[in-house]
Asker: 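Before we start, here is the structure in question, set down as structure tokens.
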Amino acid sequence: MSTAEGAIDRTVDVAVVGAGMAGLKTALELEARGQDVCVLEARDRVGGRLKPGHIAGHKIDKGGQWVGPQQTLLLAQAADVGVESYDQFNTGRSVLHFNERVKTSRSEIPKMPFLSLLELQRVVSRLDRMAFSLPSDAPWAGPNAKALDCQTFETWITQNVRTHAAQEFLRLVTRSVFCCEPQHVSLLYFLDYVRGGEGIDVLTGVSGGAQEAKFRGGAHQITELMAAKLKTPVMHDAPVRAVLQHDDGVVVRTDRGDVRAKRVVVAVPPALANQIDFANSLPAKRVHLMQRMPMGTVIKVHVAYERPFWRDRGLSGMAVSDSLPCNVLFDQSPEDLSCGILVGFFDADAAVDFTSAGDNARRDAVVEAAKTFFGPEAASPIDYVDNDWLAEEWSRGCYVAHMAPGVMTTFGDALREPCGRVHWAGTETATKWQGYMDGALQSGIRAAGEVADRL
């Protein structure tokens with residue numbers, strides 16, 4: 001249910017800012033507790049960083065799409081609204097483009113020199129041990145937290161990893177998972193993210209990992225069906241401009257009018273929350289946190305072919321590169337194989353470079369990448385679609401916000417802390433699977449519980 005007609009003038013128990021998965025989960029949880037809730041959304045759709053699309057006559061996800069077996073909240077939410085998951089195609093050899101050379105591998109771990117592979121396995125185990133030593137609810141208070149937070153992940157790589165191939169693979173992991181370069185992210189934040197995602201192999205893996213399955217009909221429909229369960233329709237085209245706190249409640253001011261509430265849950269990324277005028281009612285630590293958590297930079301692409309020709313050669317469609325601007329591809333072909341579709345990404349600095357390049361330049365770069373990975377048959381696609389998340393006014397990037405050195409240990413304890421009558425949700429505030437749909441759901445459950453306890 002949704003509406004974008006007429007002015008808003010409502011008094012409710014709780015106002016929720018943002019109709020992404022976190023905001024919708026917050027609202028559903030509060031309604032289940034008997035609270036009157038109003039969800040305010042700046043866009044003309046629900047879903048936030050989930051977004052529907054089409055290519056070659058088939059539905060696709062322009063935003064988040066995958067689910068891993070560990071993400072039990074997301075799997076349960078999908079089941080609750082009747083959306084099925086199915087396995088990501090992963091049969092055959094993967095492709096690695098590394099040092100300008102193309103290799104294939106039966107393993108999800110790319111082929112690399114033997115010494116590099118040994119070092120990579122050792123380094124990944126070491127990073128996992130460091131990550132799992134952090135407290136889940138307060139990594140900024142963990143052992144050696146300040147020392148970990150005062151350096152970038154790039155610094156750690158150059159000081160602790162000797163072989164070039166292992167170094168480049170870890171840089172590729174950072175770009176693929178955070179959509180930023182390793183010199184932009186704190187080592188402590190990197191480790192906390194790894195802890196929340198149950199280890200590097202799980203975060204980056206397909207079989208048994210975070211990319212194991214996707215949703216029949218698209219992940220975006222989960223939020224559409226969640227919104228349809230709300231007792232009160234989502235208020236669309238209602239960007240929140242100000243939140244004013246007073247002794248008895250809050251006034252939430254939007255482009256369509258005001259909502260008065262006892263409490264408000266802000267369920268948008270920190271960078272967008274920073275655009276709301278809180279009339280100096282927030283603690284300085286929270287304000288500075290929001291100013292210091294930029295979004296990742298990514299352009300998600302789909303390219304369609306008459307058939308999934310790569311399967312004829314025993315390839316899975318999974319491909320990675322250390323140098324191509326479109327550096328990751330997966331098989332996204334429909335289950336009936338009526339055509340072949342590849343999904344991929346420009347991420348980190350490559351996304352910044354291509355955000356103003358235009359559709360044709362991006363298309364050409366994607367086709368060139370596909371040709372490098374899969375051969376000359378990739379030269380003739382039948383359709384191409386991309387989504388530049390940097391250009392989305394109400395996202396300003398994807399997949400997730402990140403922290404540079406010094407941010408987590410200085411401002412991290414403000415991430416979830418309520419500020420008077422203002423509460424915080426969103427996947428960035430999760431303690432597990434932050435940055436993912438599962439983390440968004442966890443944050444909504446937590447925020448709803450906080451508000452219910454105070455009401």
Asker: To the nearest 0.5 Å, tell me how far D347 CG sits from C326 SG.
Answerer: 8.5 Å
Asker: Is it true that R260 and D9 have a side-chain N and a carboxylate O under 4.0 angstrom from each other?
Answerer: yes
Asker: Side chain to side chain contact (heavy atoms under 4.5 Å, CB included) between V185 and Y193: does it pass, once the steps are laid out?
Answerer: CA-CA 11 Å; V185 63; Y193 205 89; over 6 Å; no
Asker: I'd like to check E392 versus R49 (side-chain heavy atoms, cut-off strictly below 4.5 Å). Are they in contact?
Answerer: no
Asker: Rounded at 0.5 Å granularity, tell me how far CG in L75 sits from OG in S85.
Answerer: 5.5 Å
Asker: If you round to the nearest 0.5 Å, how far is CG of L170 from CG of L120?
Answerer: 6.0 Å
Asker: Q442 and K432: side-chain donor and acceptor closer than 3.5 Å?
Answerer: no
Asker: Is a donor on one side and an acceptor on the other found under 3.5 Å between the side chain of E29 and the backbone of A448?
Answerer: no
Asker: Tell me whether the count of non-hydrogen atoms from other residues, nucleotides or ligands lying under 6.0 Å of CG in D453 goes above 12.
Answerer: yes
Asker: Measuring only between side-chain heavy atoms, which start at C-beta, is R43 closer than 4.5 Å to S395?
Answerer: yes
Asker: Any salt bridge between D61 and K214, counting N to O under 4.0 Å?
Answerer: no
Asker: Taking the side chain from Q434 and the backbone from G439, do they hold a donor-acceptor pair closer than 3.5 Å?
Answerer: no
Asker: Do the side chain of T355 and the main chain of V352 share a donor and acceptor less than 3.5 angstrom apart?
Answerer: no
Asker: Quick check: does any side chain N or O of E428 sit under 3.5 Å from a backbone N or O of A401, one acting as donor and the other as acceptor?
Answerer: yes
Asker: Using only atom types and a distance under 3.5 Å, with no angle test, would you say the side chain of Q65 pairs donor to acceptor with the backbone of Q211?
Answerer: no
Asker: Parallel, tilted or perpendicular: which fits the ring planes of W433 and Y436, with parallel below 30° and perpendicular above 60°?
Answerer: perpendicular
Asker: Using every non-hydrogen atom in the two residues, find where I157 and P182 come nearest and quote the distance to one decimal.
Answerer: CD1-CB, 4.3 Å
Asker: Compare every heavy atom of V39 with every heavy atom of G18, then report the nearest pair and how far apart it is.
Answerer: O-CG1, 3.8 Å
Asker: I need the I445 CD1 to K25 NZ distance, nearest 0.5 Å.
Answerer: 5.0 Å
Asker: Are the side chains of D237 and D255 in touch, meaning some heavy atoms are under 4.5 Å apart?
Answerer: no
Asker: Can you pull out every salt bridge (charged side-chain N to carboxylate O under 4.0 Å, His left out) where at least one residue sits in residues 280-300? Sequence neighbours excluded, please.
Answerer: K285-D413
Asker: Taking all atoms of both residues into account, what is the closest heavy-atom pair of Q71 and D438, and its distance?
Answerer: C-OD1, 3.0 Å
Asker: Would you please indicate if the ring centroids of W66 and F330 are separated by under 6.0 Å?
Answerer: yes
Asker: Quick check against the 3.5 Å criterion: does D128 have a side-chain atom that pairs as donor or acceptor with the backbone of I200?
Answerer: yes
Asker: Is there side-chain contact between C419 and S281, with at least one heavy-atom pair below 4.5 Å?
Answerer: no
Asker: Got a sec, which residues hit side chain to side chain contact (heavy atoms under 4.5 Å, CB included) with N274, two or more places apart in sequence or on another chain?
Answerer: M290, Q291
Asker: Evaluate the side-chain proximity of V264 to V240: yes if any heavy-atom separation is below 4.5 Å, no if none is.
Answerer: no
Asker: Kindly say whether G48 contributes a backbone atom to a donor-acceptor pair with the side chain of R45 at under 3.5 angstrom?
Answerer: yes
Asker: Tell me whether the rings of F345 and Y399 are parallel (<30°), tilted (30 to 60°) or perpendicular (>60°).
Answerer: perpendicular
Asker: Using every non-hydrogen atom in the two residues, find where G199 and F132 come nearest and quote the distance to one decimal.
Answerer: N-CZ, 3.7 Å
Asker: So which heavy atom on R122 is nearest to which on N160, and how close?
Answerer: NH2-O, 4.2 Å
Asker: Can a donor-acceptor pair be found, under 3.5 Å and without considering hydrogens, that links the side chain of D386 to the backbone of V301?
Answerer: no
Asker: Out of curiosity, K229 NZ to D80 CG, how far, rounded to the nearest 0.5 Å?
Answerer: 3.5 Å
Asker: Rounded to the nearest 0.5 Å, how far apart are CD of Q77 and CD1 of I222?
Answerer: 7.5 Å
Asker: Taking all non-hydrogen atoms of both residues, which atom of T204 and which atom of V177 are closest, and how far apart?
Answerer: CG2-CG2, 4.2 Å
Asker: Verify whether one side chain among T431 and D137 offers a donor that lies under 3.5 Å from an acceptor in the other.
Answerer: no
Asker: I'd like to know if the side chain of R175 and the backbone of F346 have a donor-acceptor N/O pair within less than 3.5 Å.
Answerer: no
Asker: Given side chain to side chain contact (heavy atoms under 4.5 Å, CB included), test T232 with V37 step by step and report yes or no.
Answerer: CA-CA 7 Å; T232 302; V37 183; over 6 Å; no
Asker: Could you check whether any side-chain heavy atom of R216 comes within less than 4.5 Å of a side-chain heavy atom of E84, counting everything from C-beta outward?
Answerer: yes
Asker: Do Q221 and L50 have side chains that approach each other closer than 4.5 Å (heavy atoms only, starting at C-beta)?
Answerer: no
Asker: Hey, mind stepping through N327 and D322 against side chain to side chain contact (heavy atoms under 4.5 Å, CB included) and telling me if it holds?
Answerer: CA-CA 7 Å; N327 64 346; D322 68 332; over 6 Å; no
Asker: Establish, yes or no, whether a centroid distance under 6.0 Å links the rings of F98 and F169.
Answerer: no
Asker: So, D192 and R195, do they make that salt bridge, N to O below 4.0 Å?
Answerer: yes
Asker: Has the side chain of E212 got a donor or acceptor atom that lies under 3.5 Å from a matching backbone atom of G208?
Answerer: yes
Asker: Would you tell me whether R416 and T429 have side-chain atoms, one donor and one acceptor, within less than 3.5 Å of each other?
Answerer: no
Asker: Hey, mind stepping through D388 and R362 against side chain to side chain contact (heavy atoms under 4.5 Å, CB included) and telling me if it holds?
Answerer: CA-CA 10 Å; D388 181 359; R362 294 197 289 264; 4.2 Å; yes
Asker: Is E31 close to L230 at the side-chain level, that is, under 4.5 Å between some pair of heavy atoms?
Answerer: yes
